[in-house]
Amino acid sequence: MILVGLKHLISIRDIRKEEILNILDESKEMENILNSKKSLKIMEGKILATLFYEPSTRTRLSFETAMKRLGGSVIGFTDIRNTSVMKGESLIDTIRVVSDYVDIITIRHPCEGAARLASEYSTVPVINAGDGSNQHPTQTLLDLYTIKREVGKIDGITVAFLGDLKYGRTVHSLCYALSLFEDVEIKFISPEELRIPKEIVADLLEKDVKFYETETIDLEDVDVVYVTRIQKERFPDLNEYQRVKGKYKLTLEHVKDKDLIVMHPLPRVDEIDPRIDNLPQAKYFQQSFYGVPVRMAILKMLLE
Amino acid sequence: MILVGLKHLISIRDIRKEEILNILDESKEMENILNSKKSLKIMEGKILATLFYEPSTRTRLSFETAMKRLGGSVIGFTDIRNTSVMKGESLIDTIRVVSDYVDIITIRHPCEGAARLASEYSTVPVINAGDGSNQHPTQTLLDLYTIKREVGKIDGITVAFLGDLKYGRTVHSLCYALSLFEDVEIKFISPEELRIPKEIVADLLEKDVKFYETETIDLEDVDVVYVTRIQKERFPDLNEYQRVKGKYKLTLEHVKDKDLIVMHPLPRVDEIDPRIDNLPQAKYFQQSFYGVPVRMAILKMLLE
Amino acid sequence: MILVGLKHLISIRDIRKEEILNILDESKEMENILNSKKSLKIMEGKILATLFYEPSTRTRLSFETAMKRLGGSVIGFTDIRNTSVMKGESLIDTIRVVSDYVDIITIRHPCEGAARLASEYSTVPVINAGDGSNQHPTQTLLDLYTIKREVGKIDGITVAFLGDLKYGRTVHSLCYALSLFEDVEIKFISPEELRIPKEIVADLLEKDVKFYETETIDLEDVDVVYVTRIQKERFPDLNEYQRVKGKYKLTLEHVKDKDLIVMHPLPRVDEIDPRIDNLPQAKYFQQSFYGVPVRMAILKMLLE
């Protein structure tokens with residue numbers, strides 16, 4: 001048991017730094033196995049339930065791939081219209097039932113706290129695959145893994161977050177996780193309307209993390225630029241949305257000849273100039289791929 | 001071949017008592033294997049089709065779990081909007097096509113008789129996973145298995161059915177199955193509007209099964225209380241529904257200190273006081289779990 | 001590598017005749033293995049993604065069956081409402097992401113050219129499972145396989161196409177494929193409104209394929225009659241639709257005592273008299289079954 005005391009993975013805040021490092025190490029082993037094209041049987045006979053109360057291609061397919069690469073199998077649902085939820089069954093009852101069927105559960109739910117609640121009633125490990133605007137810890141771990149693999153280290157780096165810093169849960173969780181490492185500096189680049197929330201700022205201040213806030217894209221001395229999608233529905237005024245969107249789009253000029261990597265949790269719409277896709281700096285598809293080894297590591301560690 | 005002459009499982013009425021006992025014995029072996037956490041390969045290379053023309057989490061996930069625990073795999077659909085049914089394909093044609101792909105089929109369909117019809121055109125065994133208000137034989141078998149495991153016997157017991165006894169197909173099928181055993185007594189507890197239908201009563205009379213009908217919850221000398229959901233849509237008058245629902249809710253007082261077990265086919269809404277969940281008498285989640293070994297047994301026996 | 005130079009399967013026009021013959025040979029081996037009920041492990045640890053942007057039971061289930069019969073596993077989606085497509089993700093991004101997860105992709109999409117586009121961005125082989133009214137090459141290959149298995153040869157045969165020859169992509173692709181063989185004759189039987197398009201005719205003329213067009217069903221000296229569904233939405237006038245539909249329905253009289261086989265891509269509605277189902281000439285369910293060995297062969301050859 002490498003994850004001392006960890007039975008579920010609900011929030012990145014539940015995990016100590018040593019445990020995060022263990023997960024990143026295990027992820028590297030999983031990546032090596034994937035690259036060797038060897039077929040694994042670690043999870044032979046084991047079943048993962050993917051309970052998706054809300055749409056998500058990437059996260060679901062990535063978890064399913066991870067489980068199947070480990071030799072296990074998957075059951076689940078992706079559409080609550082076809083489930084007994086529609087007959088009025090409570091989340092707690094669904095979890096009680098499903099946790100008696102399977103070996104491990106991953107859940108995505110629109111309500112904050114749903115995964116935590118699920119873990120309290122489940123007889124098997126529960127992984128939070130996103131609960132509303134709250135937590136999505138496997139995303140944070142694959143973000144950290146991407147930085148470690150592509151920058152080479154996490155300690156001492158400078159990360160710029162770009163775009164919607166107010167609503168993006170991936171940004172908030174990654175900020176927290178980065179604060180566990182040494183000498184990390186953070187640059188928040190966003191329009192006034194979408195500034196990083198006060199509680200995140202307070203958290204960073206408390207932990208003595210150096211950070212700056214700015215409205216201008218300047219990626220000098222930045223190791224990682226983490227781009228997020230600016231959503232139309234956040235703006236009461238469409239003209240304002242169009243103005244902001246154009247101003248916070250990452251262009252070729254922003255990144256070329258710079259020694260940095262570009263990350264994005266995906267899906268993206270048009271916040272990154274497509275010509276960046278072919279630059280060596282573009283790591284968002286690599287990042288998406290890393291979701292598989294990281295989730296393999298998590299499944300393996302929680303079931304050991 | 002243990003199920004002499006049984007190629008499909010369409011109705012509990014098609015199975016003789018010896019066959020039921022064989023299924024219950026095989027289910028116990030499957031439960032032992034599940035508990036030992038050993039991985040099975042009995043169904044390696046075999047495929048189950050789950051054709052769900054109607055929503056159902058529990059039944060579908062439980063069948064899929066059963067097949068995967070046996071080492072087999074699953075294909076199917078859960079939403080007819082995404083199938084060629086929408087292009088006007090008949091059930092018969094779908095069955096002809098799918099039965100040439102797979103080794104065994106389980107079907108849920110809103111129309112009575114659909115599973116029987118499917119079995120007539122299928123080249124592989126068909127299991128009825130519910131055809132409208134008609135039959136759901138694997139539910140009946142897991143109900144019997146629960147009684148055998150949790151009460152210790154089926155002969156000689158007293159079963160109280162509580163709630164909607166008019167529309168509940170699980171109640172009707174279980175009544176029939178119980179009538180095959182020795183000295184079973186049945187107590188029907190329901191509002192006037194939801195009394196057990198005359199044909200079930202006639203059946204019990206013919207088989208000399210002792211039974212009572214009452215409107216009052218009294219669980220003295222009862223071994224099993226089988227609770228069902230009272231559905232709002234059965235009542236033209238909402239006040240009447242509220243009155244009935246309150247009166248037929250199982251409370252802590254009804255069951256505490258009694259030597260009985262509480263069963264429910266699930267999903268439940270609020271017909272059982274949640275405080276009962278923690279009593280040793282509450283067996284409805286155990287009952288739901290038993291769906292897996294029972295369905296493993298059925299899949300194995302039909303494919304042997 | 002038997003499919004010299006073939007990395008993807010997008011259009012039947014991409015494949016040379018020798019490659020088609022190789023696929024048909026490999027399909028026969030797969031059929032033999034299926035019939036022997038042996039469990040294969042060729043694809044153990046390998047994952048197929050089924051990306052279905054449009055409904056299809058038969059094609060999806062048949063691909064999934066093929067992959068599972070080979071010992072592999074499957075991830076995917078069948079309903080774009082539950083995917084990040086709804087968040088505005090481009091097809092290209094979805095393909096980039098998914099192709100990093102899996103070993104091979106099959107895609108169905110409503111837009112012509114979608115599969116070709118996907119293949120240009122995928123890092124793994126892509127199989128077109130239908131792109132709008134354009135191509136569906138695995139259907140064409142299973143049609144050819146059916147002819148070879150049930151007539152015994154493809155060279156020198158006469159094929160009648162019946163029904164909607166204007167919109168049916170299966171007819172157009174099969175015409176092209178047949179033109180690669182020796183001395184094939186084609187008879188187009190359709191109402192005036194649904195005649196075979198000029199570009200198909202031009203293609204056949206160029207390749208010196210003998211063909212006839214007629215409005216009358218006459219199956220004298222025909223080896224294969226390939227029936228298609230006439231769709232109501234093609235007719236502005238409902239009476240006209242009814243008249244045409246009745247006139248182009250295949251009846252018992254058309255086929256009995258004739259030495260021919262009846263094919264249909266399915267699903268069918270009422271364009272074939274159901275009494276034909278029991279005649280030895282009816283091969284449409286056999287044809288549907290052949291989809292499994294043919295797709296097994298294609299998966300195996302593309303992954304080798």
Side-chain angles (χ1 to χ4, degrees), chain A residues 39-53 55 60 64 67-68 70-109 117-118 120-125 303-304, chain B residues 33-34 36-42 44 50 52-74 76-82 108 229 231-233 264-272 274 277 282 284-293 295-296:
Chain A
S39 133
L40 282 178
K41 303 204 170 184
I42 296 175
M43 294 286 176
E44 198 172 58
K46 295 274 183 289
I47 302 176
L48 164 71
T50 51
L51 308 185
F52 276 62
Y53 289 83
R60 181 175 62 82
E64 293 193 15
M67 189 63 181
K68 288 174 179 185
L70 290 165
S73 52
V74 180
I75 65 165
F77 54 79
T78 59
D79 188 348
I80 58 157
R81 284 165 307 187
N82 297 335
T83 69
S84 53
V85 174
M86 289 290 99
K87 297 178 193 161
E89 181 167 76
S90 71
L91 173 64
I92 293 172
D93 272 13
T94 301
I95 292 297
R96 277 164 165 152
V97 164
V98 173
S99 73
D100 277 348
Y101 290 173
V102 301
D103 301 289
I104 188 161
I105 290 173
T106 184
I107 180 171
R108 166 162 294 204
H109 200 283
L117 184 68
E120 285 162 10
Y121 286 89
S122 173
T123 55
V124 298
L303 271 177
E304 253 165 10
Chain B
I33 290 171
L34 281 179
S36 76
K37 301 272 171 197
K38 264 184 287 182
S39 132
L40 282 178
K41 303 204 170 184
I42 296 176
E44 197 172 58
T50 50
F52 276 63
Y53 290 83
E54 220 189 29
S56 162
T57 327
R58 195 177 322 285
T59 304
R60 180 175 64 81
L61 294 185
S62 152
F63 266 113
E64 294 192 16
T65 300
M67 189 63 181
K68 289 173 178 185
R69 291 290 187 207
L70 289 166
S73 52
V74 180
F77 53 79
T78 59
D79 189 347
I80 58 157
R81 283 166 309 188
N82 297 334
R108 166 164 294 205
R229 187 157 47 106
Q231 293 180 288
K232 202 190 279 183
E233 51 271 35
H264 189 298
L266 303 182
R268 61 170 175 172
V269 183
D270 57 3
E271 55 275 15
I272 296 177
D277 293 0
Y284 25 96
F285 293 114
Q286 194 64 29
Q287 179 187 1
S288 156
F289 163 71
Y290 287 143
V292 178
R295 287 177 177 120
M296 287 170 74

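Just so it is clear: chains get the letters A, B, ... in the order the sequence lines come, proteins before strands, and each one is counted from 1.
- Under the 4.5 Å side-chain criterion, counting only non-hydrogen atoms from C-beta, A:Lys46 is not in contact with A:Leu48.
- At a 4.5 Å heavy-atom cutoff, B:Leu34 makes no contact with chain A through either its backbone or its side chain.
- Residue with the most contacts toward chain A among B:Lys68, B:Glu64, B:Lys38: B:Lys68 (heavy-atom pairs, distance under 4.5 Å).
- Counting heavy-atom neighbours within 6.0 Å of A:Tyr121 OH, excluding the residue itself, gives a total of 12 or less.
- If you measure heavy-atom distances from A:Val74 to chain B, the contacts under 4.5 Å come from the backbone alone.
- Put simply, the side chain of B:Asp277 reaches to within 4.5 Å of the side chain of A:Arg96, judged on heavy atoms.
- Within the cation-pi definition used here (under 6.0 Å to the ring centroid, within 45° of the axis), B:Arg295 qualifies as a partner of B:Phe63.
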